[in-house]
Trainee: 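Shown below is the structure under consideration.
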Amino acid sequence: MPKTQRILKYPQNKEEIIRFVKRHHYSRRCPAVWSVAICLKNEKGKIQAVLMYGPSPYPTVERAFVRDPTHIKHHIWQSRMVGAGITSAELDSLIERANNYLYENNYWWVHTLTQYTESRIDSAMRLVCKGFTGHVYQRTGASYLGLAGRKALQGFLIDGRAIHKRQGAVTLSKANIRDYYPDAKSIRAIWGGKKQRWVYILAKTDAEYQYRRTWMAYTIQEYQVLRQPLLLIQLITLMYLILEETEGDLKAARLAPST
């Protein structure tokens, strides 16, 4: 029995989708509400990939994207792209199905951000890169719109231990970190890179494509694939901070008076 693609409107299969995304997405979080999810299910009926779409996380994202506010209704946000145990061809086919569905429902643009250096921090010695690097978007015909926003807070180094900012339902920040770690001796912020901005321009003809491209506020840019060195530098820097904290603790222990 082959794998099947399914279009699930919110809240169809809500609990199963949430469990899958929380298990396999690097953030370990799932949006509470979405408009539609395009899923790939295996022969046992279990989800192996999901693409989630809905309103953008902030109204300012939509307003910044369009030249004419009346076109906001044609903008949709891809909030999650998650796959586990599938091929790149299967993921590409799922994206094609999703884009066709959204085109038929009068959407002109699928807009998303990806943090190309994102990693999940479980402990000082386990740094697992789980984010999409942009290759999947480039491969499937999305347009690159440059880097967005400032460097994002990725987590904290707390007494030599790396902690991701997302802890289940709690998101740690510089404002609340002491509330959750009041006894910590040393807390340092870990900063990630800027996010990549991508868009699928949904069109069937060249004239339609050019028209919808014109009404975007952003300009399509050339995508440079030179990203992994940036990730390597980030991980080396983090490990250096961890070692620095550890050496500081050992030095303090040697200098402490014996009892």
Side-chain angles (χ1 to χ4, degrees), residues 2-27 29-43 45-57 61-62 65-66 71-116 130-145 195-205 208-209 212-213 215-216 218 220 223:
K3 294 177 182 176
T4 58
Q5 298 176 354
R6 293 194 61 191
I7 296 171
L8 304 173
K9 295 183 179 180
Y10 183 86
Q12 290 176 283
N13 289 44
K14 178 180 177 181
E15 297 304 321
E16 183 184 2
I17 290 172
I18 289 175
R19 285 196 303 270
F20 178 82
V21 173
K22 285 186 174 181
R23 180 179 179 184
H24 295 289
H25 194 263
Y26 65 81
S27 71
R29 298 186 70 186
C30 181
V33 178
W34 61 90
S35 301
V36 61
I38 317 296
C39 297
L40 184 69
K41 292 194 172 188
N42 62 19
E43 61 278 2
K46 300 295 184 180
I47 291 176
Q48 283 195 279
V50 61
L51 310 177
M52 301 176 69
Y53 303 90
S56 62
V61 172
E62 297 170 329
F65 185 89
V66 299
H71 290 159
I72 287 178
K73 62 185 178 182
H74 299 300
H75 174 281
I76 196 164
W77 179 259
Q78 183 193 74
S79 57
R80 288 291 185 270
M81 179 193 295
V82 190
I86 64 170
T87 66
S88 58
E90 288 173 326
L91 179 60
D92 293 356
S93 176
L94 194 65
I95 292 171
E96 182 180 10
R97 172 72 181 276
N99 286 347
N100 286 335
Y101 172 83
L102 296 171
Y103 174 86
E104 291 166 0
N105 282 271
N106 203 27
Y107 289 105
W108 294 3
W109 308 287
V110 178
H111 181 197
T112 192
L113 297 178
T114 182
Q115 191 161 334
Y116 52 87
K130 301 290 285 186
F132 285 99
T133 61
H135 294 76
V136 65
Y137 297 109
Q138 183 191 40
R139 187 179 69 233
T140 52
S143 296
Y144 177 57
L145 303 180
K195 294 184 178 181
Q196 294 176 343
R197 185 186 290 112
W198 292 90
V199 64
Y200 290 104
I201 302 176
L202 307 178
K204 297 297 185 182
T205 67
E208 192 174 50
Y209 176 89
R212 295 178 177 185
R213 174 176 175 171
W215 285 102
M216 293 191 314
Y218 296 107
I220 294 175
Y223 175 61

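Sequential numbering from 1 along the given sequence is applied to the chain's residues.
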Trainee: Hydrogens and angles aside, do Tyr101 and Glu96 bring a side-chain donor and acceptor to less than 3.5 Å of each other?
Mentor: no

Trainee: Indicate yes or no for a side-chain donor-acceptor contact from Arg212 to the backbone of Leu202 under 3.5 Å, with no hydrogens or angles considered.
Mentor: yes

Trainee: Do the non-hydrogen side-chain atoms of Ile38 and Ile95 ever get within less than 4.5 Å of each other?
Mentor: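 Side chain of Ile38 against side chain of Ile95, heavy atoms only: no contact under 4.5 Å found.
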
Trainee: Any side-chain heavy atom of Pro55 within less than 4.5 Å of one from Ser35?
Mentor: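 Side chain of Pro55 against side chain of Ser35, heavy atoms only: contact under 4.5 Å found.
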
Trainee: Check for me whether the distance between the ring centres of Trp108 and His71 falls short of 6.0 Å.
Mentor: yes

Trainee: Is the side chain of Arg80 donor-acceptor paired with the backbone N or O of Arg29 at a distance under 3.5 Å, no angle test?
Mentor: yes

Trainee: Distance check, rounded to the nearest 0.5 Å: Thr114 atom OG1 versus Gln78 atom CD?
Mentor: 9.0 Å

Trainee: Counting the benzene-type ring for Trp, do Trp77 and Tyr53 have ring centres under 6.0 Å apart?
Mentor: no

Trainee: Side chains of Val36 and Met52: does their closest heavy-atom pair fall under 4.5 Å?
Mentor: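 Heavy-atom side-chain distance check fails, nothing below 4.5 Å.
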
Trainee: Give a yes or no on whether a salt bridge exists between Lys204 and Glu104, defined as a side-chain N under 4.0 angstrom from a carboxylate O.
Mentor: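 So Lys204 does not pair with Glu104 through a salt bridge.
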
Trainee: Is there side-chain contact between Val199 and Met216, with at least one heavy-atom pair below 4.5 Å?
Mentor: yes

Trainee: Determine whether Ser93 and Gln5 make a side-chain contact, defined as any pair of heavy atoms from C-beta on separated by less than 4.5 Å.
Mentor: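 Yes, side chains in contact.
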
Trainee: Cation-pi check for Tyr218 against Arg197: NZ or CZ below 6.0 Å from the six-membered ring centre and within 45 degrees of the axis, yes or no?
Mentor: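 Judged by the rule, Arg197 and Tyr218 form a cation-pi pair.
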
Trainee: I'd like to know whether Leu40 forms a side chain to side chain contact (heavy atoms under 4.5 Å, CB included) with Ile86, so could you lay out the CA-CA distance, the side-chain angles of the two residues, the decisive distance to 0.1 Å, and finally the verdict.
Mentor: CA-CA 9 Å; Leu40 184 69; Ile86 64 170; 3.8 Å; yes

Trainee: Within this structure, what is the CH2-CD1 distance for the pair Trp215 and Ile201, rounded to the nearest 0.5 Å?
Mentor: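 Trp215 CH2 to Ile201 CD1: 14.5 Å, rounded to 0.5 Å.
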
Trainee: Would you indicate whether the side-chain heavy atoms of Glu62 and Trp109 approach each other to under 4.5 Å?
Mentor: no

Trainee: Work out which heavy atom in Ser56 is nearest to a heavy atom in His75; give both atom names and the distance.
Mentor: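 For Ser56 versus His75, the nearest heavy atoms are CB-CE1, 4.2 Å.
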
Trainee: Say you draw a straight line from CG of Leu102 to CZ of Arg97; how long is it, rounded to the nearest 0.5 Å?
Mentor: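 If I round to the nearest 0.5 Å, the distance is 11.0 Å.
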
Trainee: Determine, step by step, whether Tyr107 and His74 satisfy the ring-ring contact (aromatic ring centres under 6.0 Å, His included) criterion, reporting the C-alpha distance in whole Å, the side-chain angles of both residues, the deciding distance to 0.1 Å, and the verdict.
Mentor: CA-CA 4 Å; Tyr107 289 105; His74 299 300; 7.9 Å; no

Trainee: Give me the atom names and distance for the closest heavy-atom approach of Leu94 to Cys39.
Mentor: CD1-O, 3.7 Å

Trainee: Got a second to check how far Thr140's OG1 is from Met81's CE, nearest 0.5 Å?
Mentor: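 Going from OG1 on Thr140 over to CE on Met81, the span is 6.5 Å.
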
Trainee: For Glu16 and Gly45, which heavy atoms make the closest approach, and how far apart are they?
Mentor: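 So the two residues come closest at OE2-O, 3.8 Å.
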
Trainee: Whether Lys3 and Glu43 form a salt bridge (side-chain N of Lys/Arg under 4.0 Å from carboxylate O of Asp/Glu) is what I want to check.
Mentor: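 Not counted as a salt bridge, because no side-chain N and carboxylate O are separated by less than 4.0 Å.
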
Trainee: Assign the ring pair Trp198 / Tyr144 to parallel, tilted or perpendicular, where the plane angle (0 to 90°) is split at 30° and 60°.
Mentor: tilted

Trainee: Backbone N or O of Ile17 within a donor-acceptor pair of the Asn13 side chain at under 3.5 Å?
Mentor: no

Trainee: Rounded to the nearest 0.5 Å, what's the gap from SG on Cys30 to NZ on Lys14? Could you check?
Mentor: 9.0 Å

Trainee: Does a salt bridge link Glu15 with Arg19, judged by any charged N lying under 4.0 Å from a carboxylate O?
Mentor: no

Trainee: Does atom CZ of Arg139 have more than 12 heavy-atom neighbours from other groups under 6.0 Å away?
Mentor: yes

Trainee: When rounded to the nearest 0.5 angstrom, what distance separates CD in Gln138 from OG in Ser143?
Mentor: 10.5 Å

Trainee: Answer yes or no: is there a side-chain heavy-atom contact under 4.5 Å between Ile220 and Leu145?
Mentor: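 A side-chain contact under 4.5 Å exists here.
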
Trainee: Pick one: which of Tyr200, Tyr137, Phe65 meets ring pair (Phe, Tyr, Trp, His ring centres under 6.0 Å) with His111?
Mentor: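 That would be Phe65; it is the only one of Tyr200, Tyr137, Phe65 passing the ring pair (Phe, Tyr, Trp, His ring centres under 6.0 Å) with His111.
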
